[in-house]
There are 2 protein chains.
Amino acid sequence: MAKEITIYDIADKVGLSPTTVSRALSDSPSVRPKTKEKVNQAAKSLGYRSNIFAASLRKKSTHNIGVIVPRLNSSFQSSVLAGMENIASQAQYNLIISQSLESSKKEQTNALTMYNSHVDGLLVSMAENTGNTDHFKPFTEKGIPLIFFDRTPDEPSSPSIIIDNTQAAYAATSHLLDQGCRNIHHIVGNSGISTYKNRIKGFKYALMDRQLPYTEEQNIYSVLNEESGEEIANIILQIDPLPDGLVISNDACAASCIQYLKKKGIRIPQDIAIVGFNNDAISRLIEPNLSTINYPGYEMGEIAMRNLLLRLSENDDSPGTNETITLKSELIVRESSLKK
Amino acid sequence: MAKEITIYDIADKVGLSPTTVSRALSDSPSVRPKTKEKVNQAAKSLGYRSNIFAASLRKKSTHNIGVIVPRLNSSFQSSVLAGMENIASQAQYNLIISQSLESSKKEQTNALTMYNSHVDGLLVSMAENTGNTDHFKPFTEKGIPLIFFDRTPDEPSSPSIIIDNTQAAYAATSHLLDQGCRNIHHIVGNSGISTYKNRIKGFKYALMDRQLPYTEEQNIYSVLNEESGEEIANIILQIDPLPDGLVISNDACAASCIQYLKKKGIRIPQDIAIVGFNNDAISRLIEPNLSTINYPGYEMGEIAMRNLLLRLSENDDSPGTNETITLKSELIVRESSLKK
DNA sequence: TTTTAAAATGAAATCGATTTCATTTAAATT
DNA sequence: AATTTAAATGAAATCGATTTCATTTTAAAA
């Protein structure tokens, strides 16, 4: 293992003090351009790389941003991450990513690790079964910017980036009602997370606004992924009378559900009209094409990261507003919900 | 911003030296159990967290692993990352992830950033247009473990984790031949990457082994994603005579291609039989279900990370074997290729 | 009880960049 | 040319944990 070059080595080579070398390398205005050039050249020729530990030890900033997501291998989450990475790398920040795997316990461990790694800021999309947010307190207490996105706590004590889930579910449901559906069910995640709570609200309001009956039984709680589609389809098939419309909170899940329903001889949308959520690639590829809520993952990632960087650059200790940024989402109507 | 607690604060509180505190916290055998307990308790009550910079500055290890992928938001890549994260977090390592966006230039920048961030090891899946691997030299020169996965350089100077792309393409092509196809084309990534080169080999060998003609024109080079499917379909439609079989190196691309071909009145598999690559969720959901190569992303991630950690724990400076680990892949036959 | 060996603890140097404060050098002013 | 002012550089302290080497304490052996 070759020895690392330090600023002292550079200082020796160019006959200056380490102080000046340090300043030259960080492009300080109090160093002559000529000197800077000399130093930079020597640095390059020696193969110098800055020791970030020594630097961080003094500066107390890592240029690392932590991100905790439920799952890395989810089409929505990975889009968000892609957006975040894009902005972060432009600003010379690194991304430290970990996944909670929907486990509240692992989320706590992740948070602790992030804290101990001294990330400059933290972005979190919560695990489904996470009840409280105590494990994030160390961040807020130390003044480390913390922003939630998509899966946000019920009572946001920190800024959040979300879509208007109430409105989105309202739009999806209203659309089905417009298509003549009168027995709609709502497949939704089971948890205390605001995301799903609000979708349930939107579903309910859409019915109530038309003086149509709403009962809690219309919500079917389930894990939402490709695997659960069949299981959900079986539950649907046992409902009597058979529903004529479904709002399913996840496209991958909706797609596999549709596939199974079709196998069982159900016609989509004639027998059951369906709207999904996310506008995943799959929604454009299954038959019939899936109506869905377009949910801007990549943009959400970009916005969350920009917002975090903004807070980092505000070098004061201001408490910071706990605003909630709500992104637009839109209903995309395709064949799966068009009865007429 | 509250002041950080250091081992000196703990030392003061319990009336011991920082030395002993340091040793107690790292569970050194030369500290009495009683003393350890006292120190740990004080640490907890003071809200101590170790300053990793100070520690890293001395120990010269960060417990950070860098990963460079072409795209975060790809179903395959995010599975790989999920597998990596899983193993890394168990071993108390952090993942620093960045994406090259298929740009060789950005890959170089990423590599430099990783190098300057002093990652303990690096895992890389190369961008399509990356010709050489000079930008990874600093790692090998400094003895920092570097492992390539999936998209590996042509002449692996570092260990690689791949699947046998030659064999996989051979299997896909042979299957189509078994189905009676005699005019097969191969949709493949355009680049000098070994992945695609080997698939082309496999395609060719399958034909040659049956004494069937092979020409370079049978390979169609393209970007492989959902968006390019339509474009590719158009190219296919203009081939005269129309191919009766396609091997498409990516499921998402194959799916959108199938959709477009169907729109144009082509029957799958009767007119054209198709085999994809990756076993993405989409392959199980489109109609007809897509035959594909099952390509173990999650496992690949786990194996790559385990291998890297192994190299890190071998605390000697041994050159390390440049072995290539080849994972099994398998052809999954579904409707899209079954002519009989 | 004394001697010897082992276990436990501490003092101080170290890792390498940054920063405060002091000093030297150069440029501007009279 | 002498003085003032600004620009450029340097010495040394600092960040906090680790580690080497020395010292003290405790336990085991004589």
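Naming: A, B, ... by sequence-line order, numbering from 1 per chain.
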> So what does S30(A) touch, heavy atoms closer than 4.0 Å: a base, only the sugar-phosphate, or nothing?
Replying inline: base
>> Could you work out, with ring pair (Phe, Tyr, Trp, His ring centres under 6.0 Å) as the rule, every residue matching F76(A), not counting sequence neighbours?
In response: Y295(A)
> Can you name the residues that form a side chain to side chain donor-acceptor pair (under 3.5 Å) with K38(A), not counting sequence neighbours?
Replying inline: none
> Contact class for Y8(B) (heavy atom, under 4.0 Å): base, sugar-phosphate, or nothing?
Replying inline: base
> Between the two end axes of the helix from dT1(C)-dA30(D) to dT30(C)-dA1(D), each built from 5 base pairs, what angle do you get to the nearest 10°?
Replying inline: 30°
> Which pairs with one or both residues in residues 64-82 of chain A pass salt bridge (charged side-chain N to carboxylate O under 4.0 Å, His left out), sequence neighbours excluded?
Replying inline: none
>> Holding to side chain to side chain donor-acceptor pair (under 3.5 Å), I want the full list of residues that pass it with S74(A), two or more places apart in sequence or in another chain.
In response: none
>> Using a 4.0 Å heavy-atom cut-off, does P29(B) contact any base of the nucleic acid, only the sugar-phosphate backbone, or nothing at all?
In response: sugar-phosphate
> Under a 4.0 Å heavy-atom cut-off, which of residues 55-66 of chain A touch DNA chain D?
Replying inline: L57(A), R58(A), K60(A)
> Step by step, would you call L327(B) with F149(B) a side-chain contact (heavy atoms from CB on, under 4.5 Å)?
Replying inline: CA-CA 11 Å; L327(B) 303 185; F149(B) 62 94; over 6 Å; no
> Mind checking what makes ring pair (Phe, Tyr, Trp, His ring centres under 6.0 Å) contact with F139(B), not counting sequence neighbours?
Replying inline: Y115(B)
> Under 3.5 Å, side chain of T113(A) to main-chain N/O of T109(A), donor-acceptor pair present?
Replying inline: yes
> By a strict heavy-atom criterion of less than 4.0 Å, which residues belonging to residues 13-27 of chain B are in contact with DNA chain D?
Replying inline: T19(B), S22(B), R23(B)
>> According to side chain to side chain donor-acceptor pair (under 3.5 Å), who are the partners of S61(B), at least two apart in sequence or on a separate chain?
In response: none
> What pairs of residues pass the ring pair (Phe, Tyr, Trp, His ring centres under 6.0 Å) test when at least one of them lies in residues 81-104 of chain A, not counting sequence neighbours?
Replying inline: H63(A)-Y93(A)
>> Within the 3.5 Å criterion, strictly below it, is a donor on T19(B) or S22(B) matched to an acceptor on the partner's side chain?
In response: no
> Would you say the side chains of S160(B) and T324(B) form a donor-acceptor pair under 3.5 Å?
Replying inline: no
> Taking any atom under 4.0 angstrom from a heavy atom of chain B, which nucleotides of DNA chain D are the first and last to qualify, 5' to 3'?
Replying inline: dG16(D) to dT20(D)
> Any salt bridge (charged side-chain N to carboxylate O under 4.0 Å, His left out) pairs touching residues 81-99 of chain A, not counting sequence neighbours?
Replying inline: E85(A)-K106(B)
>> Around atom CD of E37(B), are there more than 12 heavy atoms from other residues, nucleotides or ligands closer than 6.0 Å?
In response: no
> Starting at the 5' end of DNA chain D and moving along, which residue's nearest nucleotide shows up first, R32(B) or S50(B)?
Replying inline: S50(B)
